[in-house]
Amino acid sequence: MSALPAVIDGRDKRKNPMNIFAQIRELITTTLDTMVQDGTLPDGLNFDPITAEPPRDAAHGDMATNAAMVLAKPAGMKPRDIADALAAKLTSDARITSAEVAGPGFLNLRLAPSVWQAVAKTVLDEGTAFGRGTVGNGLKVNVEYVSANPTGPLHVGHTRGAVFGDALASLLDFAGFDVTREYYINDGGAQVDVLARSVYLRYQEAHGQEVAFPDGTYPGDYLIEVGEALKAKVGDDYLDKGEQYWLEDVRTFATEKMMDLIRSDLKALGVEMDVFYSEKSLYGTGLIEAALKDLKDKGLIYEGVLEPPKGKKPEDWEPREQTLFRSTDHGDDVDRPVMKSDGGWTYFAPDIAYHYDKVQRGFDLLIDVFGADHGGYVKRMKAAVSALSDGKVPLDIKLTQLVKLFKNGEPFKMSKRAGTFVTLRDVVDQVGPDVTRFVMLTRKNDAMLDFDFDKVLEQSRENPVFYVQYAHARVASVLRKAADAGIATDDATLAAADLSLLDHDSELLLLRKLAEWPRLVETAARTNEPHRVAFYLYELAGDFHGLWNKGNEVTSLRFIQEGDPATSQAKIALARATAIVIAAGLGILGVNPAEEMR
RNA sequence: GGACCAUUAGCUCAGCUGGAUAGAGCGCUGCCCUCCGAAGGCAGAGGUCAGAGGUUCGAAUCCUCUAUGGUCCGCCA
């Protein structure tokens with residue numbers, strides 16, 4: 001069910017030279033090749049399902065391969081026989097210190113410490129580019145997110161969508177995709193008329209008039225200054241005039257102001273879009289017509305009458321003939337109207353045109369990030385893109401679930417009507433963009449998220465933001481102290497250190513964790529799940545803190561060894577490599593690494 | 001009536017697209033800190049992976065059904 005095309009979802013796990021698991025997997029497959037050549041194994045075996053992964057239980061070794069089990073059946077051999085033969089050959093490689101057959105036919109490998117020690121050098125050589133992947137293969141991907149209506153400031157729900165979409169875009173970029181970040185401005189529908197009328201009321205108010213906000217207008221305070229700005233622009237020209245006189249102007253004016261507001265909200269969160277795409281710009285250009293003609297030419301547009309929705313019966317429901325898109329041909333449950341009975345487009349029509357345009361722009365992959373309340377829209381959108389691209393361009397739609405806000409452990413609700421509206425600004429102003437972003441990424445996008453204003457600022461192990469930042473800050477502290485002690489700690493010097501000195505279990509544990517980074521990036525990118533990065537960083541920080549804490553008792557594990565600059569440099573190299581990977585990971589999440597904690 | 005998502009330790013959640021004895025934090029139990037790196041550390045208890053079938057060497061993971069919770073379901077965006 002992967003959203004990725006076969007070219008990138010394929011089994012070529014050998015691509016990233018920095019991925020130690022990919023390296024060993026290649027060693028395994030080439031070894032198997034030689035076994036085919038010398039007749040140990042039959043010809044024509046498929047090596048694709050073979051994996052080289054870290055075992056769950058570290059006691060099983062550094063890496064495990066399922067090769068023997070996967071090949072047993074097609075080769076017509078016993079798993080153990082294959083495993084034994086493979087093990088004998090693998091141990092002749094300098095990197096493999098032992099290969100044991102275990103369980104049903106697993107081959108557990110232990111790697112020489114030098115393999116892990118070399119990881120630190122690689123990290124120092126590559127810097128934050130370590131782990132940059134090639135799975136993306138340079139494919140063009142469009143990530144659309146936020147896309148909030150331009151009728152007010154962004155609220156908490158948008159914040160999660162913004163953070164998720166942005167981190168996903170960065171992750172895909174890091175994994176080697178050519179990413180475009182895009183925001184679709186819904187400025188073509190009735191809601192911008194409502195906005196215009198609401199602004200007009202504030203405009204009247206700015207002229208000293210008494211106004212009331214009827215149902216169906218936006219009473220929010222944020223429009224007061226827009227009304228005043230309108231007054232500053234047009235004076236009293238629009239006063240006491242009919243709607244036909246001012247509506248269009250005010251709509252444009254208000255929409256621009258709202259987009260300014262939204263842009264500044266996004267900026268406060270550190271989100272920068274490549275493209276703002278206006279729904280309005282679709283009208284009058286023939287694009288909607290072209291998109292629908294494309295569907296019509298494929299026989300997917302017809303006039304018809306839909307069944308009434310079951311379960312819930314709208315009182316005024318009556319059968320009407322509409323122009324429908326045969327989305328059921330592409331996996332939807334019912335066909336969807338593209339034109340209202342009065343001849344106007346439905347909301348769906350410009351959406352189709354917008355995605356048609358994305359396909360035309362040559363993207364290889366589309367991703368839409370929606371709020372969970374748009375879940376009902378997923379199938380029809382996928383159907384549309386499938387039809388428009390003849391199934392060639394996959395569309396993955398990621399839904400972000402609700403954010404439940406807490407303060408002092410007490411939930412508080414937000415309601416547009418009551419004016420208790422928690423905005424993106426409220427959140428960012430209180431806890432800062434870094435904490436906001438990290439916390440919002442500590443949950444899968446499709447799981448509900450609890451956000452407690454107090455807990456996210458706590459400085460303890462419970463708080464992953466703090467815990468990860470603290471690890472980075474500790475490294476910075478080590479580097480400062482090393483400098484005071486006159487030890488050279490530039491990355492080039494550290495990379496040249498004698499890393500074979502890093503032979504303690506705790507050090508090797510941390511090195512192994514660092515080695516997982518490239519592989520994690522691939523997985524996270526393939527599944528479109530940036531939260532994996534956040535969890536990895538938490539684990540990495542945990543291993544680092546663990547090593548640090550051991551230094552309390554075992555002084556030989558401390559990063560700075562007095563009077564022994566060579567050993568110090570090796571250990572600092574490990575610390576610095578950890579900081580580099582943390583910085584790279586935080587970079588994907590859009591969080592600044594801390595140099596010190598106060 | 002239907003669709004989508006969720007259901008894993010007392011609580012909040014991971015679980016690397018099918019691997020071995022299912023993990024983390026909190027909470028709980030026990031131990032450890034005069035100082036040198038404790039805004040802590042070490043150890044332990046705690047599970048029918050919602051339930052029932054199925055697929056296969058092997059399932060928390062894939063398929064079917066059921067239960068519970070959330071979101072949504074014609075001309076609103």
Side-chain angles (χ1 to χ4, degrees), chain A residues 1-2 9 21 49 51 53-57 59-60 64 66 69-70 72-73 78-79 102-106 108 149 151 186 188-192 194 279 305-312 314 316-320 322-324 332-348 350-351 371-379 397 399 401-402 442-444 446-450 455 458-464 466-467 470 474 477-478 481 516 519-520 522-524 526-527 529 531-532 534-536 538-539 542 545-546 548-553 555 557-560 597:
Chain A
M1 208 191 99
S2 170
D9 190 31
F21 299 93
T51 58
E53 297 176 320
R56 272 191 191 160
D57 188 343
H60 289 134
N66 61 355
M69 281 178 291
V70 172
K73 201 176 217 180
K78 289 179 189 162
F106 277 103
N108 291 329
N149 287 344
T151 55
N186 288 116
Q191 79 282 2
V192 282
V194 173
E279 176 195 354
V305 179
L306 286 174
E307 293 289 311
K310 289 173 183 168
K312 168 188 128 181
D316 57 345
W317 195 91
E318 53 184 89
R320 284 194 181 130
Q322 296 171 273
T323 305
L324 300 171
D332 203 357
D333 308 307
V334 289
D335 292 338
R336 306 290 178 175
V338 294
M339 196 179 270
K340 299 188 249 184
S341 47
D342 68 4
W345 299 118
T346 63
Y347 178 74
F348 190 34
D351 256 3
D373 55 342
H374 286 63
Y377 224 69
V378 170
K379 282 195 175 180
I397 298 183
L399 300 178
Q401 264 292 349
L402 299 176
T442 51
R443 206 106 308 169
K444 279 184 291 201
D446 50 11
M448 274 210 254
L449 170 72
D450 291 349
K455 278 193 182 165
E458 260 174 36
Q459 300 202 338
S460 72
R461 176 157 200 179
E462 293 175 64
N463 184 349
F466 164 78
Y467 200 62
Y470 189 33
R474 273 183 158 170
S477 163
V478 167
K481 281 188 186 165
E516 279 179 37
R519 186 169 175 273
L520 183 113
E522 288 180 16
T523 307
R526 210 167 47 234
T527 52
E529 292 179 338
H531 76 274
R532 290 177 192 268
F535 280 95
Y536 169 81
Y538 183 67
E539 289 167 14
H545 288 307
W548 180 285
N549 289 327
K550 281 216 170 64
N552 288 324
E553 290 195 5
T555 53
L557 286 179
R558 298 186 182 184
F559 292 102
I560 298 174
M597 307 294 287

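Values reported hereafter were calculated over all heavy atoms of this structure, with side chains retained and with hydrogens, waters and symmetry mates removed.
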Whole-angstrom distance between [N] and [M], as gauged at atom [atom1]:
| N | M | atom1 | value |
| --- | --- | --- | --- |
| B:A52 | B:C57 | P | 24 Å |
| B:U48 | B:A9 | C1' | 13 Å |
| B:U8 | B:A77 | P | 39 Å |
| B:C63 | B:C73 | C1' | 26 Å |
| B:G23 | B:G19 | C1' | 16 Å |
| B:G74 | B:C11 | C1' | 43 Å |
| B:C5 | B:A22 | C1' | 23 Å |
| B:U12 | B:G18 | P | 28 Å |

Inset, instruction - Report the relative orientation of the aromatic rings in A:F535 and A:H531; use parallel for angles under 30°, tilted for 30 to 60°, perpendicular for over 60°. - result: perpendicular
Legend entry - A:Y538 and A:Y467 aromatic ring geometry - parallel, tilted or perpendicular at 30°/60° bounds: tilted
Identity of whatever pairs with [N] - Watson-Crick or G-U, under 3.5 angstrom:
| N | answer |
| --- | --- |
| B:C49 | none |
| B:A43 | B:U29 |
| B:G58 | none |
| B:U68 | B:A6 |
| B:U12 | B:A24 |
| B:G1 | B:C73 |

Counting the atoms with a prime plus P, OP1 and OP2 as sugar-phosphate, which does [X] contact under 4.0 Å by heavy atoms, base, sugar-phosphate, or nothing?
| X | result |
| --- | --- |
| A:A524 | nothing |
| A:R532 | sugar-phosphate |
| A:Y470 | base |
| A:H531 | sugar-phosphate |

Legend entry - Closest-nucleotide 5' rank along RNA chain B - winner of A:N66 and A:G188: A:N66
Legend entry - Residue mapping more 5' on RNA chain B - nearest nucleotide basis, A:N463 or A:D450: A:D450
Find the distance [X]:[atom1] to [N]:[atom2] and express it as a whole number of Å.
| X | N | atom1 | atom2 | value |
| --- | --- | --- | --- | --- |
| A:Y377 | B:G2 | OH | P | 24 Å |
| A:L402 | B:G70 | CG | P | 11 Å |
| A:L520 | B:U17 | CG | C1' | 14 Å |
| A:E553 | B:C36 | CD | P | 14 Å |
| A:F535 | B:C16 | CZ | C1' | 13 Å |
| A:K379 | B:G74 | NZ | C1' | 18 Å |
| A:Q401 | B:G70 | CD | P | 11 Å |
| A:D332 | B:C4 | CG | P | 11 Å |

Inset, instruction - May I have the step-by-step check of side chain to side chain contact (heavy atoms under 4.5 Å, CB included) for A:V378 and A:L399, ending in yes or no? - result: CA-CA 9 Å; A:V378 170; A:L399 300 178; 4.0 Å; yes
Legend entry - Minimal non-hydrogen separation, A:K78 against A:A72, with atom names: C-CB, 4.4 Å
Inset, instruction - Write down the atom of A:N108, the atom of A:H60, and the distance for their closest heavy-atom approach. - result: CB-O, 2.9 Å
Side-chain donor/acceptor contact of [X] with base of [N] under 3.5 Å:
| X | N | result |
| --- | --- | --- |
| A:N549 | B:A38 | no |
| A:R443 | B:C13 | no |
| A:Y538 | B:A14 | no |

Nucleotide nearest [X] when distance is taken to its side chain, options [options]:
| X | options | result |
| --- | --- | --- |
| A:A102 | B:A20, B:C16, B:U12 | B:A20 |
| A:T527 | B:A39, B:A77, B:U17 | B:U17 |
| A:D446 | B:C36, B:U56, B:C5 | B:C5 |
| A:T523 | B:G25, B:A3, B:C16 | B:C16 |
| A:R526 | B:A20, B:C4, B:U17 | B:U17 |
| A:K73 | B:U56, B:G19, B:A20 | B:U56 |

Inset, instruction - Could you tell me whether the phosphate oxygens of B:G41, OP1 or OP2, come under 4.0 Å of any side-chain nitrogen or oxygen in A:K550? - result: no
Inset, instruction - Would you indicate, yes or no, if B:C13 has its OP1 or OP2 atom less than 4.0 angstrom from a side-chain nitrogen or oxygen of A:K444? - result: no
Legend entry - Straight-line distance of A:E516 CD to A:E539 CD, nearest 0.5 Å: 7.5 Å
Inset, instruction - Validate the cation-pi geometry between A:R519 and A:F21: distance from NZ or CZ to the six-membered ring centre under 6.0 Å, angle to the ring axis within 45°. - result: yes
Inset, instruction - Indicate yes or no for a side-chain donor-acceptor contact from A:N549 to the backbone of A:H545 under 3.5 Å, with no hydrogens or angles considered. - result: yes
